[in-house]
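Working notes for the structure below.
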Amino acid sequence: AKFIDHRLAEEVKFEMPFKPLVVNFRASADELRQCREYGVRFAQALKGEPVHNERAAAVAAPPALVASDKRARIPGVTGKSRLWKCVVCGEVYPGIYPPESCPACGAGVEMFVPVDNVEEVPKSDFAGHVVVLGAGAAAVAAAKAIRASAVNARITLCAADPILPGLPYNRPALSDALTDPSVLSRDSFAIMPAAWYEQNRVTLRLRGERVTAINAAQKLVVLSSGESLPYERLVYALGSVNSAPLPMEPIMRAPNGFSIRSVGDVRRLQVAIQGGAKRALLLGGGILNLEVAWELVSLGLQVTVVEVMPRILPRQLDPAGSVVLARVLKEKGVTLHCAATLDQILVEPDGRVREIRFMVAGQTAPLAIPADVFLVSCGVRAVTEVAKTAGLRINRGVVVDGRMATSDPDIFACGDCAEFDGLLLPLWNNATAQGTVAGRSALGLAASFVREPIPCTMDAFGVKVLSLGDCGQVAAPESYSTLERNEPQQAIFRKFFFTQGKLVGAIVIQPDDLALIHPLTQAVAQGASMADVASLLA
């Protein structure tokens, strides 16, 4: 009964208003009557008709939220249980209030929006073996979608490399573990608890094995142990790795060179810091490196960030927003160099990097920056090596259509490694959405991936950053009209972008929470006018 209750809540997103009815075989006449009455009440609850909520009556009413509680300001709290969707990862949870933080991706309570209904889960009688390659958000989403639609399917989830904690985990939380190592041992660090895989009969192959090849002709996944896994359908979700331009490869090979992509990377960096590292040089001014930079500053390290582009976060912010954020970084003690190109890497006889020299705009001589640890994050590269062994069509990633189908009719790809419509979309929300589509498509069900505006957020250096939609990057600058509030001394920046009188994007930088994410997400989706959103600048 508990298992069925769990499946209803987790997969169907239906919160039972009364306790399960347990009846033994060879039921009595009275028990048969109870079953009929239970069935009627269950049908009424499914149809949304009012029923007596036994569970709500048995539990004391939740304490009233005080005005300072963040959840009191979340639009949609009615005092009754409803569904809450995380706009970062797309997961949905029932409850009177949204979770304090998303159990799937760790996003804060302000990242939840209420939803009135959840898509009905399609069903399939597929009973074959689906092998899912990967252990990230897309892979787990695919496994969840397969099990939700096909109760008789066999599912094996197999990672490309050993997974240290033994369970697929939330990679966005890795940087937090630098200052709080307990993050790695929390239940929320795992995408799904171990019990979920057991209850849903998902076989995990995550320890000590490596996927080396795919024999598409014989439908076999070849492991480093020499074992081969047969499959009827294959979901390829091996993700991406941090990339580095060829001249930076000596840094990646150095004992004091790092790229935060796994638990092992975090632990190596923690050892270096505990061993006395005081200076850190971070190559790349993207969100990942900036979040790591903040953790290192919090640990007392002297941090320098070098960015090849003329400004930081050029994909998320416009020039004015980059200026505001750069000021925040400098006020927190970070040395920032933009428009810098690599000139020379000085390496010690033991292979350790001693310093890196850059050519910086406005200077004739190279700028030498010594450090104890060097971190590289210059974008990501789709993992396609194993896909090539299957003869799949490869461009920047594994090429897929809207069904996440590859050039092989029995292989589907999703997540950071998938190239859809000529683009790689390395964001958590896209990964989970594509994983769901790939899982259903592998069962022969109708499914299609649709890109949606996804808020890009960062919480570091004492400010929250939100970038949503088209923030002036798609069309010519003169195509946009804008509303702007810029108070750099207070670290407040809000800018709304309009084309043809409709809101298409927004940037918010501010010290407090991002409650604006709710009205702005809706306003962008609806193409609101300037008059509709002018009050949000205040």
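Taking the charged nitrogens against the carboxylate oxygens, Glu331 and Arg327 do have a contact shorter than 4.0 Å, which makes a salt bridge. Using a 4.0 Å cut-off between a side-chain N of Lys or Arg and a carboxylate O of Asp or Glu, Lys495 and Glu484 qualify as a salt bridge. At a threshold of 4.0 Å, the pair Arg279-Asp372 counts as salt-bridged, since one of the basic side-chain nitrogens sits closer than that to a carboxylate oxygen. No salt bridge links Arg381 with Asp416; every basic N to acidic carboxylate O contact stays at or beyond 4.0 Å.
Environment of CD in Gln473: crowded, with over 12 heavy atoms of neighbouring residues, nucleotides or ligands closer than 6.0 Å. Heavy atoms of other residues, nucleotides or ligands lying less than 6.0 angstrom from CG of Asp350 number more than 12. Counting non-hydrogen atoms of neighbouring residues, nucleotides and ligands closer than 6.0 angstrom, the CZ atom of Arg186 exceeds 12 such neighbours. Counted within 6.0 Å of CZ on Arg451, heavy atoms from surrounding residues, nucleotides or ligands total 12 or fewer; the atom is thus considered open. Atom CD of Gln489 sits in a sparse spot, with 12 or fewer heavy atoms from other residues, nucleotides or ligands closer than 6.0 Å. The environment of Met359 atom CE is dense: over 12 non-hydrogen atoms of other residues, nucleotides or ligands sit within 6.0 angstrom.
Nearest approach of Ala506 to Leu520, heavy atoms of both residues: CB-CD1, 4.0 Å. Minimum interatomic distance between Arg396 and Glu419 (heavy atoms only, all atoms of both residues): N-OE1, 2.7 Å. Contact between Cys417 and Gly239 at its shortest, heavy atoms only, is CB-O, 3.2 Å. Across all their heavy atoms, Gly285 and Leu313 have their closest contact at O-CD2, 3.5 Å. What you find for Cys338 and Val360 is that their closest heavy atoms are O-CG1, 4.2 Å. The heavy-atom pair separating Ala447 from Arg403 by the smallest distance is O-CG, 3.4 Å.
With ring centers used as reference points, Phe498 lies 6.0 Å or more from Tyr480. Separation of the Trp294 and Phe461 ring centroids falls under the 6.0 Å cut-off.
In this structure, CD1 in Ile251 is found 10.0 Å from CG in Leu375, a value given to the nearest 0.5 Å. Between the CG atom of Leu174 and the CG atom of Leu184 there is a distance of 7.0 Å, given to the nearest 0.5 Å. If you take CD1 on Ile492 and CD on Gln510, they are separated by 7.0 Å, rounding to the nearest 0.5 Å. How far CD1 of Ile411 is from CG of Leu133: 8.5 Å, rounded to the nearest 0.5 Å. The CD atom of Gln526 sits 10.5 Å away from the OG1 atom of Thr521 when rounded to the nearest 0.5 Å. Atom CG of Leu281 sits about 12.0 Å away from atom CG of Leu301, to the nearest 0.5 Å.
Within the 4.5 Å cutoff, the side chain of Phe358 has no heavy atoms near those of the His337 side chain. Using a 4.5 Å heavy-atom cutoff, the side chains of Phe374 and Ile356 are in contact. In this structure, Lys502 and Ser529 have side chains that are not in contact, with every pair of non-hydrogen atoms separated by 4.5 Å or more. The closest side-chain heavy-atom distance from Leu342 to Val308 is not below 4.5 Å. Using a 4.5 Å cut-off on side-chain heavy atoms (C-beta onward), Ile509 and Lys464 make no contact. The shortest side-chain heavy-atom distance between Phe496 and Leu468 does not fall under the 4.5 Å cut-off. Side-chain atoms of Leu483 and Met530, non-hydrogen and from C-beta on, do get closer than 4.5 Å to each other. Annotation: side chain of Tyr236 is not in contact with side chain of Val132 (no heavy-atom distance under 4.5 Å).
In this structure a side-chain-to-backbone donor-acceptor pair under 3.5 Å is missing from Asn289 to Val376. Judged purely by atom type and a 3.5 angstrom limit, Gln302 has no side-chain atom pairing as donor or acceptor with the backbone of Val334. With hydrogens and angles ignored, the 3.5 Å screen pairs a side-chain donor or acceptor of Ser441 with a backbone N or O of Val437. When atom types are taken as modelled, the side chain of Ser407 and the backbone of Arg393 share a donor-acceptor pair closer than 3.5 angstrom. With Ser322 contributing its side chain and Ile312 its backbone, the two residues share a donor-acceptor pair below 3.5 Å. Side-chain atoms of Trp428 never come within 3.5 Å of backbone atoms of Ala137 as a donor-acceptor pair (strictly under, hydrogens ignored). Without hydrogens or angle criteria, Asp265 side chain to Arg261 main chain gives a donor-acceptor distance under 3.5 Å. Remark: side-chain polar atoms of Ser467 are paired, donor with acceptor, to backbone N or O of Gln316 under 3.5 angstrom. Between the side chain of Arg268 and the backbone N or O of Gly257, at least one donor-acceptor pair lies under 3.5 Å. Side-chain atoms of Arg485 come within 3.5 Å of backbone atoms of Leu537 as a donor-acceptor pair (strictly under, hydrogens ignored).
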- request: Start with the C-alpha gap between Asp176 and Phe189, add the side-chain angles, then the distance that decides, and say whether side chain to side chain contact (heavy atoms under 4.5 Å, CB included) holds.
  value: CA-CA 11 Å; Asp176 296 336; Phe189 185 59; over 6 Å; no
task: Step by step, work out the side chain to side chain contact (heavy atoms under 4.5 Å, CB included) result for Thr457 and Val465.
output: CA-CA 5 Å; Thr457 63; Val465 179; over 6 Å; no
message: Checking Glu307 against Arg311 for the salt bridge (Lys or Arg N to Asp or Glu O under 4.0 Å) test, could you report, in this order, the C-alpha distance in whole Å, the side-chain angles of both residues, the deciding distance, and whether it holds?
response: CA-CA 7 Å; Glu307 167 61 46; Arg311 55 190 180 86; over 6 Å; no
Derivation of the side chain to side chain contact (heavy atoms under 4.5 Å, CB included) call for Val140 and Met192: CA-CA 8 Å; Val140 175; Met192 298 298 291; 3.8 Å; yes
message: Apply side chain to side chain contact (heavy atoms under 4.5 Å, CB included) to residues Val504 and Val524 and explain how you reach the verdict.
response: CA-CA 5 Å; Val504 294; Val524 170; 5.7 Å; no
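Side-chain atoms of Glu295 and Thr179 include a donor-acceptor pair closer than 3.5 Å.
The salt bridge (Lys or Arg N to Asp or Glu O under 4.0 Å) test applied to Asp421 returns no partner, not counting sequence neighbours.
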